[in-house]
Every structure is written in structure tokens, then in C-alpha cells.
Student: 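Got a structure for you, questions after.
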Amino acid sequence: MTTTHSRVLRADLLSFEGDPGEDDIPAEGSVRHIRDGALWIEEGRIRAVDDHARLAPELPEGIEVIDHRGKLIMPGFIDSHVHYVQLEIMASYGRQLLDWLNDYAFPEECRFAAPEHAEAQSNAFLDEMLRVGTTTAQVFCSSHPASVDAFVSASHRRDLRMLAGKVLMDRHVPEPLCDDIRGGIRDTERLIGDWHGEGRLGYSLTPRFAPTSSRAQLDATGGLMRNDPGLWLQTHLAETPSELDWVAELFPGSRDYLAVYEQSGLVGPRSTFAHGIHLDQQMRGRLAERGANLAFCPSSNLFLGSGRFDRLAAREAGLTITYASDVGGGTDLSGLATLKAAYQVGQLCGQPLTAWQGFYGLTLGNARALSLDDRIGRLAPGLDADFVVLDPAATPLLARRTARSRSLGETLFALMILGDDRSVAETWANGRCQHRRTG
Ligand code: GUN
Ligand code: ZN
């Protein structure tokens, strides 16, 4: 749409400087809110963030000023765990995890052997992400290297900051998805060489979960991680009770599910474990000690009936939580929908999520947990110009509700409960408007 030269957006600005805590009132210094602010961007970066009145005299004559007064600009949303290859099996009826994988996910992923299919799905997925204000995600591809090439090429063409990887699986899956150990590792090494650190891309090692990898494959993945500590790692952990039983059967030498990953050296500060619902406090403590994070995927947990995630128990253990859609198990790509589901799950656990904690999570919280906060997650000079323009009056109902808000906290809460893709007026990435809502 628009090019990357210097321009200013005038709107309310909201960015987190730190964790706001769990109270209704955010911790001192954790929130930066500028009413009638100016966001000056140049060559894909943020150049300045200030009151419009204060910045205006410093702006070069004739610079384009985009007037978004009445709207709220926040850093682009981050999704810490999502499967692009499952876009079209969202909303597949009526199964818990292991049946759902066999009935829907694996057959669908077989289709990604075809590069044309992978390319079409990559573009459809990125269009949908941008429509809901998500500018960065950590993404599962399929077992096929071509599925990674297609996804990261499409992301690269749009200058998006993305983490992605080829799924590693060498057992208990249909033959077309099954790696031989050496081949899977060789493909992974090739993909790392081609894409890790290329433009805004990072490679995430992706053993699917313990039941679909042999010990040898997990060990080989741990070897890649040891060789390059700059790589990310994504997998699943303790999502459902039947999965736990299966893992105990498959790995009798491991004292629990987490130990299976520990023994292969897969638990580190760049490791994201999706779900982690069925863990005890001691396991949460072990994850925290290594600086790993759990991806809380509330809409998926509700859809697949996987269980209630105990967010505060993780917090108590010092374990970092990220927020994720987990599409296609998840029912919505929107970060707003993820926060709504997180609030609902929280209510069932007697731990309702504040809007402050939720929006911190979608932005700076996820960026920090993924070690991306030197580039994204805040509106601050020098950081990448990835942001979302939210319209708190996007629909007649939202307009009615937010007109009655007595505080920013109330408006944010209304957005996370009533908002959807219609609340996203624009999504900018690398200094370019890449989605504009029409109609
Ligand atoms: N566990 C292993 N694979 C998957 C997957 O594709 N989705 C979810 N929700 N859980 C998994
Ligand atoms: Zn998942």
C-alpha cells in the first residue's frame, strides 16, 4: 500500500514499559499513555513518540501527518503459538486433541507437500493475521520443507517479523508426514541456513510433541539447539490427560512429561511450550529456572476441552506466560479474542485477567518472552514500526459501550471483550500500512 518514507500518525498512543501486575490499577511506570500523541516513523523504524503538541514544532515542513484522532495506536500484537497449516480446519467439530489430530490436523498437513498449496495458504494466513492486528507470530509449518519455504518467503516479501519452523515427527503419524531422523535434521539445517536471521525472520526448531518424536529425534534437535543458542524452539507440553498417559508409556525412563524434553536439552530461554495445563508446581518451577515460557492458548483449550490453565500458579512459580491463538485448535486468530477467552478461563479459575495484563501480554510481554523486545513490543524510538491502529468505536455497540468508559482501563476491557477484526482500523509493519479496514 504505502511506502516507507517518513510520516507521522496522530492518535492516542499506548505502550507498556513493564509488567503492569495483576491489580486493576497498573503498576507505577508500567504504562505509557499519550492522549493526542504523535508517532513519527521513518524507514521502517520509530523515530519519535511524544505529545503531538510537543513534537509538532520539530517536524520537517511538509511531512505527511495521518490524522487518527479518536483512535488508539498500540504495538502490533504478537501470537506466540499458531499453526498456519491448520487455517482451513478451524472449526472442525467435536473431538479432543488426539482424535482431532488424526481426524483433521494430520490429513490437512499432508496437503502441504504441494508448494502451490503452501504458498496460497501462507498468503491467506498472513492476510488474516494482519486483518486482526497481529504483526509477529511463532508459527508451526508442516513436516514438508516446502511449507516453510512458502511461509517464510511470503513473510519476507511483506517484511514481517516471523519465527517459524518445519515440524519434526518420526513416528505415530501418517507416512507422508513422517521424517527419517537424519533427513528431518538435514532439512532443518538447510532451512536454518537459508532463513534464520534473513531479513526479519528467525528459525524455530519444531519437534511437534513427545509422542511423535523418538528419543533419537529429540536428541538430534537438542544438538542443533546447543550448536546455535540463537535459534528458537517450539513444541507442545501437557495439553490433555490422555496425552500425558501416552507420554508416560512411550518414555518410561522419564520421571514426567517435562523431563522428556529436559533429557534432550530442549528447555531453554528461547523455548516456548504450548499449553502446559497439566503440570504441577515443581514442573512449573523447572521451566521457570530455565527461562522458558508457556504459551497460554485459551480459545484452543476451550474448543478442544483440554482443561483450565492456571495462570496464577505459573506466575507464582516465576514462569513466564505468553498468549497465543493455537489456530487451528484455537477458534480465532485475533489477539482480542484470545484475551477474551483468557478472561473467561480466568473467571472459571477465580483469576480474572485485567485488560492491562492482557494487552501487556499481547505486546511487550510476548516480545520479552520470545527475546524480541529489542526490536518490537513497544512504541519507542529505534524499534521497528510495527503497530496497530484500534478503533474503540468500530461498531455501533462498541461505540455505545466505550462512550460510557470512565477510564482507559474500561475502554481496553471493552475492546478485549467486544472487539474483533472490525476494531482494527489499520495494521502497520516495518513502517508500511499493510492492512486497512474498508467498510
Ligand atoms: N499437540 C500436538 N500437535 C498439536 C496441534 O497441532 N494442536 C494442538 N492444539 N496440540 C497439539
Ligand atoms: Zn499447537
Side-chain angles (χ1 to χ4, degrees), residues 79-112 121 125 137-144 147 151 163-174 177-179 204-213 217-218 221 232-247 250-251 257-258 260-261 266 271-279 293-309 321-333 338 341 345 366:
D79 187 339
S80 68
H81 175 77
V82 59
H83 303 249
Y84 99 81
V85 291
Q86 295 177 3
L87 186 70
E88 291 189 357
I89 57 152
M90 290 173 75
S92 295
Y93 175 78
R95 292 282 187 275
Q96 292 224 332
L97 175 67
L98 299 177
D99 291 328
W100 181 86
L101 285 173
N102 286 318
D103 292 352
Y104 303 114
F106 292 154
E108 175 63 14
E109 292 182 22
C110 286
R111 300 176 68 201
F112 286 75
Q121 293 295 308
F125 176 83
Q138 183 166 224
V139 179
F140 268 57
C141 303
S142 73
S143 318
H144 314 95
S147 75
F151 180 74
L163 307 177
K166 173 203 134 46
V167 165
L168 289 160
M169 304 193 274
D170 69 342
R171 59 175 174 171
H172 303 138
V173 290
L177 296 179
C178 197
D179 295 311
S204 199
L205 298 165
T206 310
R208 183 177 211 111
F209 68 156
T212 49
S213 285
Q217 188 176 51
L218 295 175
T221 309
W232 283 263
L233 178 128
Q234 54 181 347
T235 187
H236 297 88
L237 170 68
E239 183 177 357
T240 69
S242 40
E243 171 198 359
L244 259 64
D245 293 343
W246 196 16
V247 171
L250 292 171
F251 294 92
Y257 194 159
L258 177 58
V260 174
Y261 295 138
L266 300 177
S271 306
T272 297
F273 295 91
H275 308 294
I277 300 171
H278 306 280
L279 299 175
N293 71 87
L294 282 186
F296 176 23
C297 311
S299 79
S300 169
N301 298 162
L302 292 168
F303 181 73
L304 293 172
S306 304
R308 288 188 288 239
F309 181 78
I321 297 308
T322 55
Y323 291 83
S325 68
D326 192 32
V327 159
T331 51
D332 206 314
L333 281 168
T338 295
V345 170
N366 274 5

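Computed over heavy atoms, backbone and side chain alike; hydrogens, waters and symmetry mates excluded. When a ligand or atom number is given, it counts from 1 through the structure's own listing order.
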Student: With a cut-off of 4.0 Å, which atoms of ligand 1 are near a heavy atom of L101?
Tutor: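 It comes down to these atoms of ligand 1: 2 (C), 3 (N), 4 (C), 5 (C), 6 (O).
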
Student: Which atoms of ligand 1 sit under 4.0 Å from any heavy atom of F209?
Tutor: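 Once the distances to F209 are compared, the set is 1 (N), 2 (C).
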
Student: Touching ligand 1 at all, Q86? Heavy atoms, strictly under 4.0 Å?
Tutor: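 Per 4.0 Å heavy-atom rule, Q86 contacts ligand 1.
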
Student: How far is atom 10 (N) of ligand 1 from the closest protein heavy atom, and which atom is that?
Tutor: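 Going atom by atom, the protein heavy atom closest to atom 10 (N) of ligand 1 ends up being E239 OE1, 2.6 Å.
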
Student: Are F209 and Y257 close enough that their ring centres sit under 6.0 Å apart?
Tutor: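 Not under 6.0 Å, so no.
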
Student: Which residue holds the protein heavy atom closest to atom 3 (N) of ligand 1, what is that atom called, and what is the gap in Å?
Tutor: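 Among all protein heavy atoms, the one nearest atom 3 (N) of ligand 1 is R208 NE, 2.8 Å.
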
Student: Any nitrogen or oxygen of W100, side chain or backbone, less than 3.5 Å from one on ligand 1?
Tutor: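 Not met; the criterion fails.
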
Student: Show which atoms of ligand 1 fall inside a sub-4.0 Å distance from at least one heavy-atom site of D326.
Tutor: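 It comes down to these atoms of ligand 1: 8 (C), 9 (N).
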
Student: Determine, step by step, whether C178 and M169 satisfy the side chain to side chain contact (heavy atoms under 4.5 Å, CB included) criterion, reporting the C-alpha distance in whole Å, the side-chain angles of both residues, the deciding distance to 0.1 Å, and the verdict.
Tutor: CA-CA 6 Å; C178 197; M169 304 193 274; over 6 Å; no

Student: Indicate whether any N or O donor in one side chain lies under 3.5 Å from an N or O acceptor in the other, for T322 and N293.
Tutor: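 Per modelled atom types, T322 and N293 side chains form a pair under 3.5 Å.
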
Student: Nearest to atom 1 (N) of ligand 1, what protein heavy atom do you find, and at what distance?
Tutor: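 Heavy-atom neighbour on the protein nearest atom 1 (N) of ligand 1: H236 CG, 3.4 Å.
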
Student: Under the rule for salt bridge (Lys or Arg N to Asp or Glu O under 4.0 Å), what residues qualify as partners of E243, not counting sequence neighbours?
Tutor: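 Counting only residues at least two positions away or on another chain, E243 forms no salt bridge (Lys or Arg N to Asp or Glu O under 4.0 Å).
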
Student: Which atoms of ligand 1 are found less than 4.0 Å from any heavy atom of H275?
Tutor: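 Answer for ligand 1: 9 (N).
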
Student: What atoms in ligand 1 come closer than 4.0 Å to a heavy atom of H83?
Tutor: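 Selected atoms, number and element: 5 (C), 6 (O), 7 (N).
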
Student: Backbone, side chain, both or neither: what part of T212 comes under 4.0 angstrom of ligand 1, heavy atoms only?
Tutor: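 The answer is neither; T212 stays 4.0 Å or more away.
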
Student: Determine the minimum heavy-atom distance between A164 and Q234, stating which atoms define it.
Tutor: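 Closest approach of A164 to Q234: C-NE2, 4.3 Å.
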
Student: What heavy-atom pair brings E108 and V85 nearest, and what distance separates the two atoms?
Tutor: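 In terms of heavy atoms, the two residues are closest at CG-O, 3.3 Å.
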
Student: State which residue, out of H83, M90, E88, fulfils the side-chain contact (heavy atoms from CB on, under 4.5 Å) condition with Q86.
Tutor: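 Between Q86 and the candidates, side-chain contact (heavy atoms from CB on, under 4.5 Å) is satisfied uniquely by H83.
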
Student: Please assess R171 against L250 for the test side chain to side chain contact (heavy atoms under 4.5 Å, CB included), listing each intermediate value before the final yes or no.
Tutor: CA-CA 11 Å; R171 59 175 174 171; L250 292 171; 3.9 Å; yes

Student: Classify the ring geometry of W246 against H172: parallel below 30°, tilted from 30° to 60°, perpendicular beyond 60°.
Tutor: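 Aromatic pair W246/H172 classed tilted.
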
Student: For the Zn ion (ligand 2), count the protein N, O or S atoms found under 2.8 Å away.
Tutor: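 The number of such protein atoms is 4.
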
Student: I'd like to know if the side chain of H275 pairs up with that of H81 as donor and acceptor (distance under 3.5 Å, no hydrogens or angles considered).
Tutor: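 Checked: H275/H81 side chains show no N/O donor-acceptor pair below 3.5 Å.
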
Student: Just to verify, which of N366, T272, T206 counts as forming a side-chain hydrogen bond (donor to acceptor under 3.5 Å, both in side chains) with Q138?
Tutor: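 Testing Q138 for a side-chain hydrogen bond (donor to acceptor under 3.5 Å, both in side chains) against N366, T272, T206 leaves exactly one candidate, T272.
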
